[in-house]
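In what follows, a structure is listed as structure tokens, so that the remarks can point back to it.
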Amino acid sequence: MKNVVLVGFMGCGKTSIGKKLARLMNYEFVDMDIEIEKSSNMKITEIFEICGEEKFRKMETELCMELSERKDCVIATGGGVIKNEKNIELLRQNGIVIYLKASPEDIYRNLRNDCTRPLLAGGNKLEKIKTMLAERRSLYEERSDISAEIGGMRASEAAEIIKEVLKEKI
Ligand code: S3P
């Protein structure tokens, strides 16, 4: 069966919802950031700091190539995966792409104490989230097959709803 590919801004719940959805569907769960950390033996923050964002984006695209060959996986992508159209083409080869829609305030609530997202480090975090989300929103909308309004829901609740929506699509 096709993969289920979760896209959306940092801190929108891709990992927590993805884990629950995979369990409900009896699919394997794959977290792209964790896969990149394992294969490079570095934390995401270190990759950005030492090798730069461009190198990280190359690693992300290489992983999309590998994942396009897989099936029966729920894939939690990194929030920037949609910036490169090629990534989405690859992930869509055998996957249905779901945008987990969340407001800047929901995202801020989830990430206010987080220090693992280099792109949100320093300065006013809520303002950064608002600006980046405004830049990316149309990409998330255009490059996904389904938009899921999951703001304010518990991960288990969101996973149940997504599973029901997918019944008709997969
Ligand atoms: C990024 C999102 C992060 C991670 C990296 C860059 C982005 O993943 O891939 O820090 O550009 O939005 P999460 O969405 O899992 O936080």
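Atoms within a ligand are numbered from 1 in the order they appear, just like the ligands themselves. The shown structure was predicted, so the numbers you read here are calculated from the model rather than taken from an experiment.
Distance check: E35 CD to E62 CD gives 13.5 Å after rounding to the nearest 0.5 Å.
No side-chain heavy atom of E28 sits under 4.5 Å from any side-chain heavy atom of D72. In this structure, the side chains of I129 and L120 come closer than 4.5 Å at one or more pairs of heavy atoms. In this structure the side chain of V7 never reaches within 4.5 angstrom of the side chain of R143, judged on heavy atoms. Contact annotation: the side chain of L139 never approaches that of Y99 to less than 4.5 Å [non-hydrogen atoms, C-beta and beyond].
The residues R92 and D145 are annotated as salt-bridged, a charged nitrogen and a carboxylate oxygen being separated by less than 4.0 angstrom. Here K20 does not pair with E160 in a salt bridge; the nearest charged N to carboxylate O distance is not below 4.0 Å. By the 4.0 Å N-to-carboxylate-O rule, E60 lies too far from K83 to be salt-bridged with it.
When E53, E60, R57, K14 are checked for heavy-atom proximity to atom 6 (C) of ligand 1, R57 turns out nearest. The closest non-hydrogen atom to atom 12 (O) of ligand 1, taken over M132, M32, R136, comes from R136.
Among protein heavy atoms, atom 7 (C) of ligand 1 sits closest to G80 N, 3.3 Å. Of the protein's non-hydrogen atoms, R117 NE, 2.7 Å is the one closest to atom 16 (O) of ligand 1. In terms of protein heavy-atom proximity, atom 4 (C) of ligand 1 is nearest to D33 OD2, 3.2 Å.
Taking every non-hydrogen atom of G78 and a distance limit under 4.0 Å, the qualifying atoms of ligand 1 come out as 8 (O), 9 (O), 14 (O). Residue contact check: F56 has heavy atoms under 4.0 Å from atoms 9 (O) of ligand 1. Atoms of ligand 1 lying under 4.0 Å from at least one heavy atom of L119, given by number and element, are 7 (C), 11 (O). Residue contact check: P118 has heavy atoms under 4.0 Å from atoms 10 (O) of ligand 1.
Considering backbone and side-chain N/O of I44, none are found under 3.5 Å from N/O of ligand 1. Residue contacts with ligand 1: G79 is placed with a nitrogen or oxygen under 3.5 Å of a nitrogen or oxygen of the ligand (distance criterion only).
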